Amino acid sequence: MTSEPEIKYDFNAIEQKWRERWLSTHAFKASEDPSRKKYYQLEMFPYPSGRIHMGHVRNYTIGDVVARYKRMKGFNVLHPMGWDAFGLPAENAAIKNNTHPAKWTYENIDYMKKQLQRMGFSYDWNRELATCNPDYYRWEQLFFVKLFKKGLVYQKKTTVNWCEDCQTVLANEQVIDGLCWRCDHQVQPREMNGWFFKITDYAEELLAECDNLTGWPEKVLTMQRNWIGKSVGAEVDFPVEGMDDILQIFTTRPDTIFGATFMSIAPEHPLVEKLSKGTTHEKEVAEFVLRTKNLKQGKKPGEELEKEGVFTGRYCINPFNDERIPIYTANFVLMEYGTGAVMAVPAHDQRDFEFAQKYGIPIKIVIQPANRTLEISSLEAAYCESGVLTGSAEFDGLDSEKAQEAIINHAAQKGFGKARTTFRLRDWGISRQRYWGAPIPMISCQKCGMQPVPEEDLPISLPTDVKFDKSGKSPLHTLKSFYQTTCPSCQGEARRETDTMDTFVESSWYFARYTCPDFTDGPLKKEAVDYWLSVDQYIGGVEHAILHLLYSRFFTKIMRDLGYLTIDEPFKNLLTQGMVIKDGSKMSKSKGNVVDPNDLVEKYGADTVRLFSLFAAPPERDLEWNDQGVEGAFRFLNRVYRFIVANCDSTSKARTEIDPDRLNNASRTLHRKTHQTIRKVSGDIEVNFHFNTAISAVMELTNTMFSLTGEATTEKIDQTVIREAVDSVLLLLYPMVPHFCAELWEQTGHLDSLDHTAWPGFNPEAAKEDELTIVIQVNGKVRGRLQVAPDISEEDLKQQALADEKIQKFIGETKIRKVIVVKNKLVNVVAN
RNA sequence: GCGAGAGUGGCGGAACUGGUAGACGCACUAGACUUAGGAUCUAGCGCCCUUCGGGUGUGGGGGUUCAACUCCCCCCUCUCGCACCA
């Protein structure tokens, strides 16, 4: 053993010390201060499933770096955390372990909160909220009642997505490839009564506003736009021959209406039975409807059925030319979209084309492209583009666009049609037949119908004295003390709604409640939301690109229209971080490739885990977890620790102004590298949160520090320059490895806490290279290098390059055609 | 099928508005210090050819340019999203 005492980076002691200090001093408590510029940093809050996983660690580390960085930049930062605490797992656990969901949930919250604190995330824990708390969901119930009164909440009976395993209904957004988003079981259609939020009223705004979300990834916006799915077109009424009924269709191509040679309607269409009744096709149609229904249920997700249909035995009349058109029912027509009936134009729609060919239905060309002429005899596929109308009476010769307008006008004038826009987006069904959720505040009275719970009676709290049985059914449905109530209108006997709300309702507005979590006079405190909202930076997984983000946008507009907010959009900037994967695939128990944050934190400390998750990949990309890489991150911190302890123990006084002219070469090199590093790291964080390159820049700086102070060096580095470099390293790394930096900052004699120190600026003069390496190419190939002063003239540079011995050799006898000089970069000699 | 994104050493990843491809880290190899080292330090590390020195190289093929990972065209592969939306 040498005489040198071993320098030990005791991360346990360091992290415990700072963790406790931050907690006891409420170091990250935020309060409104109109004199300061605010910054609201938010990460998607977790479901308290039991323990945090690597995805959380990554997500929250990224957010924490931003929060701490913005504080150093002088912003008044709001960085809250809470719990998305309602949901099915709590209920399942309750059934399995015979405990109460609340107990399970709160125990998980306690544990996970400790885990988050162990990671050193700089949350304002005073603002912590759990959505299962009546103090939270009471306001959601108030929103519900207010929206009901505005007609934005309604009840209807529809075919819903039923998950047998979860014993509940799912929203369209929660069905993925025909499977339940939570448990992966096949979803069944089922007729049910449920409550709906009228999100379709906001479809237009939700779509239009996408254009203003410049801080969102294009990918997410595209997904939202597709989900909303706007199509502009017309609605046209086709009278049914021999009946009083009319068949209403929706089309985006009214210009092709003269080419309609049959109608196809969805098998579920209410008219199907009536149309075929009494015709010779009645039996066939009934069989087809039944068969299609079974087929649709049994088909694999994503699988496309072969186009099939049957004639209903009836005709309708094209109101434009009085032609008789046969009505078919076809398996590819969706009842849920448009009117559930379409006019079929085989010449100009591929599906109709295939259908017409299969059943020998005539094809009629009514659109001709500009560059060629379509012939029925040679038509191999539908022509779906626009063109010039033909065979369309008085509309002949118009181009598609003008014709659409003219045809819609004509229909409107005659009263059998009008312009119409449809959306793919459906209203949001929020009824869940579960216990562990926010009760829907409605009362059903035999006499008065559906009545909202009076606002002063809110909240309707979840009863706690409930028993769960193995059936998995919600105990609320059979809990008399809960559902038995009186009608607020007639005081008669009435029944309380026993369904609870979709948990996505809670997460649709939690970001706003964080601004005033303890406010009791209403859901939101005006001064607080006006100061803090909107969220400046939101960070979470891309898996929420549609569900949560769309609902949150919708709720923001609702809260605005209820007068609680003035903003239109909740999240100014969105970062969707990639997944954490191991051995090429997503971490999962079944694959056995799960890495537990606890084990890592125990072995290396929170700072190392944070550092590696930032270093291994840029945030938006998937991160391949690598145990040896973590080791590398740990090694780096040890290196920095060793350097600082070895070089800075003696003094805190060597912190004076640096005069560059008086420095020796080595000192100047380090001084320059320090300022270049500050410039690089600031840019990497500010521009696109590329922490991986920021960290590698600091690694370069520390490598320089070591090599310039090593035993082989002849020049002694100025102590002030070393101090400047060390201070910079600590400041630059602080947002990423805060315990580590705070400790060393203190140990190196700083009196002020690093938590309140500003982000360093760089001196452009100091960062400037005093010698540049210029590459010399001959015919595009690198043949030599030149050391020159930065401000050398192009002519001088050219002369020096041409004079170079190696370059001479390569030019040889060939003739110089051209010399390209790029300032501060290269010289390319073109010769042949 | 449609839409979006991505293909760079053994691996994770760098490369500004076209201008030294492979920063930084991991792994690996050799050496130093050591009773020992999985600690630390030094050096090397795309591929090919014999060292000097060359050649070649960013999924494949064309093109623009003095110069292409970067721009244009065609193709291949992977990931994600949508999927009969009339």
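For clarity, every value in this text was computed on a predicted model and none was experimentally measured. Every chain is numbered from 1 and lettered A, B, ... according to where its sequence line falls, protein lines coming before strand lines.
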Expressed as a whole number of Å, how far does the P atom of B/G12 sit from that of B/C66?
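Those two atoms are separated by 37 Å.
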For A/V829, which contact category applies under a 4.0 Å heavy-atom criterion: base, sugar-phosphate, or nothing?
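Answer is nothing: A/V829 stays at 4.0 Å or more from every strand.
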Using 4.0 Å as the upper bound for N to carboxylate O, is an ion pair formed by A/R225 and A/D211?
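A/R225 and A/D211: salt-bridged.
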With both distances kept under 3.5 Å, what pairs with B/G22, Watson-Crick or G-U wobble?
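Checking every strand shown, B/G22 finds no partner, since no pair has both distances under 3.5 Å.
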Using a 4.0 Å heavy-atom cut-off across all strands, classify A/Q777 as base, sugar-phosphate, or nothing.
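Base, at least one base atom sits under 4.0 Å.
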Test item: side-chain donor near acceptor, A/R639 and A/N703, under 3.5 Å:
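Yes, A/N703 and A/R639 have a side-chain donor paired with an acceptor closer than 3.5 Å.
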Given B/C85, B/G81, B/G54, the nucleotide with the shortest approach to the side chain of A/M223
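Among B/C85, B/G81, B/G54, the one nearest the side chain of A/M223 is B/G81.
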Classify A/N779 by what it touches in the nucleic acid, base, sugar-phosphate, or nothing, heavy-atom distance under 4.0 Å.
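If one applies the 4.0 Å heavy-atom cut-off, A/N779 turns out to touch nothing in the nucleic acid.
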Return the pairing partner of B/G37 with a 3.5 Å limit on both distances, Watson-Crick or G-U wobble; otherwise return none.
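The answer is none; no pair meets the criterion.
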Ion pair present between A/R672 and A/E769, side-chain N to carboxylate O less than 4.0 angstrom?
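Yes, A/R672 and A/E769 are salt-bridged.
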Does B/G9 count as syn, meaning its glycosidic angle lies within 90° of 0, or as anti?
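You should classify B/G9 as syn.
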Looking at the side chain of A/F615, which of B/C84, B/A14, B/G12 is the nearest nucleotide?
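Of the candidates, B/G12 comes closest.
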Side chain of A/Q628 only, please: which of B/A27, B/U20, B/U40 is the nearest?
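Closest nucleotide among those given: B/A27.
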So if I take every side-chain heavy atom of A/K781 and compare against B/A21, B/G55, B/G3, which nucleotide ends up nearest?
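In terms of side-chain proximity for A/K781, the closest of B/A21, B/G55, B/G3 is B/G55.
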Students often get this wrong, so: under 4.0 angstrom with heavy atoms, is A/D622 touching a base, only sugar-phosphate, or nothing?
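The answer is sugar-phosphate, as A/D622 gets under 4.0 Å only of primed atoms, P, OP1 or OP2.
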Cation-pi, A/F332 ring and A/R351 (6.0 angstrom, 45 degrees):
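Not flagged: A/R351 not positioned over aromatic ring of A/F332.
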Rounded distance (Å) that lies between atom P of B/C24 and atom CG of A/D684:
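Checked: the CG to P distance equals 15 Å.
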Counting side-chain heavy atoms from C-beta on, which of B/A14, B/A83, B/C66 comes nearest to A/R424?
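Nearest nucleotide to the side chain: B/A83.
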Could you walk me through whether A/F615 and A/F691 pass the side chain to side chain contact (heavy atoms under 4.5 Å, CB included) test, one step at a time?
CA-CA 6 Å; A/F615 180 63; A/F691 310 115; over 6 Å; no
Can you tell me which nucleotide in B/C26, B/A86, B/G13 comes closest to the side chain of A/R621?
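Given the options B/C26, B/A86, B/G13, the side chain of A/R621 is closest to B/G13.
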Report yes if a donor N or O on one partner sits less than 3.5 Å from an acceptor N or O on the other, where the partners are the side chain of A/R639 and the base of B/U40; otherwise report no.
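Answer is no: no donor-acceptor pair is held.
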Using a 4.0 Å heavy-atom cut-off, does A/R225 contact any base of the nucleic acid, only the sugar-phosphate backbone, or nothing at all?
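It contacts nothing in the nucleic acid.
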In whole Å, what separates the P atom of B/G53 from that of B/G5?
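Looking at atom P only, B/G53 and B/G5 are 45 Å apart.
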With a 4.0 Å cut-off on heavy atoms, is A/G338 in touch with a base, just the backbone sugar-phosphate, or nothing at all?
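Result for A/G338 = nothing.
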Need the pair for B/U17. Rule: Watson-Crick or G-U wobble, both distances under 3.5 Å, any strand; none if unpaired.
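Partner of B/U17: none found under 3.5 Å.
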Between A/T422 and A/E624, which residue's closest nucleotide on RNA chain B lies nearer the 5′ terminus?
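The residue mapped nearer the 5' terminus is A/E624.
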Please determine, for the side chain of A/T251, which listed nucleotide (B/A23, B/A86, B/U20) has the closest atom?
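Among B/A23, B/A86, B/U20, the one nearest the side chain of A/T251 is B/A86.
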If you measure from the C1' atom in B/C47 to the same atom in B/A36, how many Å do you get, rounded?
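38 Å, rounded to whole Å.
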Under 4.0 Å between a side-chain N or O of A/K818 and OP1 or OP2 of B/C66?
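It does, given that an N or O in the side chain of A/K818 lies less than 4.0 Å from OP1 or OP2 of B/C66.
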Take atom C1' in B/A67 and the same atom in B/A21, then report the distance between them in whole Å.
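Going atom to atom, C1' in each nucleotide, I get 14 Å.
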Atom P, compared across B/G13 and B/G59: separation rounded to whole Å
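One P to the other, the span is 15 Å.
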Which nucleotide in the list B/G19, B/C26, B/A86 gets nearest to the side chain of A/L826?
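My answer, after comparing the listed nucleotides, is B/G19.
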Pairwise 5' ranking along RNA chain B for A/G629 and A/D352, keeping only the more 5' one
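On the 5' side of the pair lies A/G629.
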P atoms of B/G57 and B/C69, separation to the nearest Å
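10 Å, rounded to whole Å.
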Could you work out the separation of B/A27 and B/U79 based on their P atoms and round it to a whole Å?
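Per the computed distance, 29 Å lies between those P atoms.
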Grab the CZ-P distance between A/R785 and B/G19 for me, whole Å please.
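Taking atom P of B/G19 as the reference, CZ of A/R785 is at 16 Å.
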Need one value for A/V822: base, sugar-phosphate or nothing, where a base atom within 4.0 Å counts as base even if backbone is also close, heavy atoms only.
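A/V822: base contact, heavy atoms under 4.0 Å.
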For A/N226, answer base if it contacts any base atom (sugar-phosphate contacts may also be present), sugar-phosphate if it contacts only those atoms, and nothing otherwise; contact means non-hydrogen atoms under 4.0 Å.
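If one applies the 4.0 Å heavy-atom cut-off, A/N226 turns out to touch nothing in the nucleic acid.
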Rounded to whole angstroms, how far apart are NZ on A/K825 and C1' on B/U70?
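Atom-to-atom, A/K825 to B/U70, this comes out as 14 Å.
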Compute whether any side-chain donor of one residue and acceptor of the other, for A/Q787 and A/T773, lie under 3.5 angstrom apart.
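Side-chain D/A pair, A/Q787 to A/T773: present.
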How close or far is atom P of B/A39 from atom CZ of A/F634, stated in whole angstroms?
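The answer, rounded to whole Å, is 12 Å.
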Taking atom P of B/C26 as reference, at what distance in whole Å does atom CH2 of A/W625 sit?
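Taking atom P of B/C26 as the reference, CH2 of A/W625 is at 15 Å.
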Can you tell me which nucleotide in B/G54, B/A14, B/C80 comes closest to the side chain of A/K219?
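Of the options given, the side chain of A/K219 lies nearest B/C80.
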Taking atom types as modelled, find out whether A/R621 and A/Q577 have a side-chain donor-acceptor pair closer than 3.5 angstrom.
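Short answer, no.
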For A/F810, report the nucleic acid contact type (base, sugar-phosphate, nothing); a contact means any heavy atom under 4.0 Å.
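The answer is sugar-phosphate, as A/F810 gets under 4.0 Å only of primed atoms, P, OP1 or OP2.
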Would you mind pulling out the nucleotide paired to B/G3, Watson-Crick or G-U wobble, both distances under 3.5 Å?
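Its partner is B/C80 (Watson-Crick or G-U wobble, both distances under 3.5 Å).
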Options B/A86, B/A14, B/G25, nucleotide nearest the side-chain atoms of A/N703
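The nucleotide sitting nearest to the side chain is B/G25.
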Can you check the distance between B/C73 and B/A6, where both ends of the measurement are the P atom (answer in whole Å)?
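Rounded to whole Å, the distance is 15 Å.
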Can the positive tip of A/R424 be found less than 6.0 Å from the middle of the six-membered ring of A/Y337, inside 45° of the ring normal?
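The answer is no; the distance or angle limit is not met.
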Give me the atom names and distance for the closest heavy-atom approach of A/E308 to A/K358.
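Smallest heavy-atom distance, with atoms named: CG-NZ, 3.5 Å.
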